[in-house]
Amino acid sequence: MQDLKAIANRIRRRDLQAVFEAGAGHIGGEMSAIDILTALYFHVLDVDPTAPKKPDRDRFVLSKGHTANALYVTLAEAGFIPRDEVATFLKPHSRLNGHPNCTKVPGVETNTGPLGHGLPVAVGMAKAAQMSGASWRTFVLTGDGEMQEGSNWEAAMAAAQFKLDNLTLIIDHNRLQQGARLADTNNLAPIPPRFEAFGWAVVEIDGNDMDAIVGALAPEARVAGKPKCIVAHTNKGQGISFMQDRVEWHHKVPSREQYEQAMKELEAAAQ
Amino acid sequence: MNAETKLYDCRDAFVGTLEALAEANPEIVAVCNDSVGSSKLGGFRDRWPDRLVNVGIAEQNMVGVGAGLANGGKLPFVCGAACFLTGRALEQIKADIAYSNANVKLCGISAGMAYGELGPTHHSIEDFAWLRALPNLPVIAPCDRAETAAATRFAASYEGPLFLRLSRVGVPDILPDDHEFALGKANRLREGSDLTIIANGVLTHRALAAADLLAGNGIEARVLNMATVRPIDEEAIGAAAADTGAILTCEEHTVFGGLGSAVAEVVVRGRPVPMEILGVPGIFPPTGSANFLLDEFGMSPEGIAERAMALLKRKA
């Protein structure tokens, strides 16, 4: 578990540096999701960076595609792409644009960016495994504001109808969307009973607590016949004091001073 | 077309071929939006109930699920009324299918004005324009049973996404039973040197009938069946311009952005010749069957022939 926390800290630092150097990115939602990404790639997913397309791999879909850089750094850390390549984030002709591209970046399963796309695709993946009697699992990470997209609820109905207990949806519930708090925009609360009413098994966890994430994603946490929704309570900007829980850090870029301050905090947390 | 000419609903050729393909390839699955009946998937469902994924009335999810099934190793034929499949789920077609290069076959059923009297909400006369604007998505509108079957076989063998535009409006047999579909290749159905008529889908047989009428007036029209709207057959269009000096296009689609536009894009780049684009003239059509509306918009054989004569007057 210490290892996972150390990896998540390293990914946060590399992500911060990349966003600072690129002068763009979605740092708030990256910081909220990095603990989940770390648990998935370094503890949960059966994936192989030397064979990223092996048919029986687990599938992961980053539906909140705007936090692509956190995925790139995670994929680099896991060996899917060279670590050096993260420095090309958003540069002309880089494979690493602002939203992940599965035709270019190994480890990316489907192209996301417009919100509300990942869950329907993940339902199709899980359905394929179910039809084939295969044991691989499908995981999808969405934002919480993203759940305002109607396509997610189409997919939520289908997943329950198909009894996709090989599907896990993780909602990065950081309570903030691009322009304001969810509560002040289109409040989805309470999320858990909504999913329960749609026929899902639901758990709530602290989505920035590695033990809680690993526990919720364990294979034995599967509920037979039901898709699983993990409502992960997180903080936007997690780990950086002045970004945490602040709307403006959705896609603000730190100044040099802020960058140094943020890096100092993350380095201190690594000790 | 005389009174005895038999007309066929190409959906039968589509599902017959799909079932034959599915028998040979267990990874083929059908995906639909409560459209088992209108997509004629009843037979498929009865034979392989576990291989029919009916997501209910939810086109965005239907297309996303198709992409996920392909990722998981299946070969999905996603079938829905063309108007809803393309209009409702356009962003999913763009991001999940074309941009992601998902090996999904999008089958737009009852396209064009096949749902005639149900009105413009149910017409799919913008789909060429919407879909041919997307990279990595071949757009195919077969003209008869043989071409529908051939295009369906091609779809299963082709690695990558594509859109099959299928009608329910009866059409006569045009191509031979053993026709093989070649992507981006027009079929020259009739030779002629005075002008070229280019059509696809339910317009091809009307174009042929128009050419017969023109021949009665001593005008010889070349007729090209151009099922593939993208990638368009630039060679055949270039030859038509060079050899006949005038091009008339006919389509069951708005004149904005469809087959005629695609042909014109090639003509202006190469050898500009006078052109006419026949189609729905940029309005929401009034009440009427598909065949009534096609006649109404000047695409009866007589209407097409008349426009051809007018076009010839502009020929240098």
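A, B, ... follow the sequence lines: proteins, then strands. Residue 1 opens every chain. Everything numeric in this text was worked out from a predicted model, so none of it was measured.
- Going from atom OH of B:Y99 over to atom OG1 of A:T103 covers 6.5 Å, rounded to the nearest 0.5 Å.
- Using a 4.5 Å cut-off between heavy atoms, A:E109 touches chain B through backbone and side chain atoms alike.
- With respect to chain B, the highest number of heavy-atom pairs below 4.5 Å among A:S132, A:A158, A:A122 belongs to A:S132.
- Here the straight-line distance linking atom CG of A:N111 with atom NZ of B:K94 works out to 11.0 Å at 0.5 Å rounding.
- By the neighbour-count criterion of 12 heavy atoms within 6.0 Å, atom CD of B:E235 is sparsely surrounded, having that number or fewer from other residues, nucleotides or ligands.
- Contacts of B:V31 with chain A are absent, with no heavy-atom separation under 4.5 Å from either backbone or side chain.
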Query - Stepwise side chain to side chain contact (heavy atoms under 4.5 Å, CB included) test for B:Q92 and A:S151 - result: CA-CA 10 Å; B:Q92 279 74 18; A:S151 52; 4.3 Å; yes

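- Chain A forms more heavy-atom pairs under 4.5 Å with one residue of B:D96, B:N101, B:V29 than with any other, namely B:D96.
- Within a 6.0 Å radius of CZ in B:R230, other residues, nucleotides and ligands contribute more than 12 heavy atoms.
- Expressed to the nearest 0.5 Å, how far OG1 of A:T110 lies from CD1 of B:I97 amounts to 8.0 Å.
- With a 4.5 Å cut-off on non-hydrogen atoms, A:W153 does not touch chain B at all.
- Of the listed residues (A:C102, A:G113, A:P114, A:P55), the greatest number of heavy-atom pairs within a distance under 4.5 Å of chain B belongs to A:P114.
- Close approach to chain A, defined as a heavy atom under 4.5 Å from one of its heavy atoms, is seen in B:D50, B:R51, B:V53, B:N54, B:V55, B:A58, B:E59, B:Q60, B:N61, B:G64, B:V65, B:A67, B:G68 of residues 50-68 of chain B, taken by number.
- Sparse packing is recorded around NZ of A:K163, with 12 or fewer heavy atoms of other residues, nucleotides or ligands lying under 6.0 Å away.
- Other residues, nucleotides and ligands contribute over 12 non-hydrogen atoms within 6.0 Å of the CD atom of A:E85.
- Note on A:Q130, A:M125, A:H117: by heavy-atom pairs under 4.5 Å with chain B, the leading option is A:H117.
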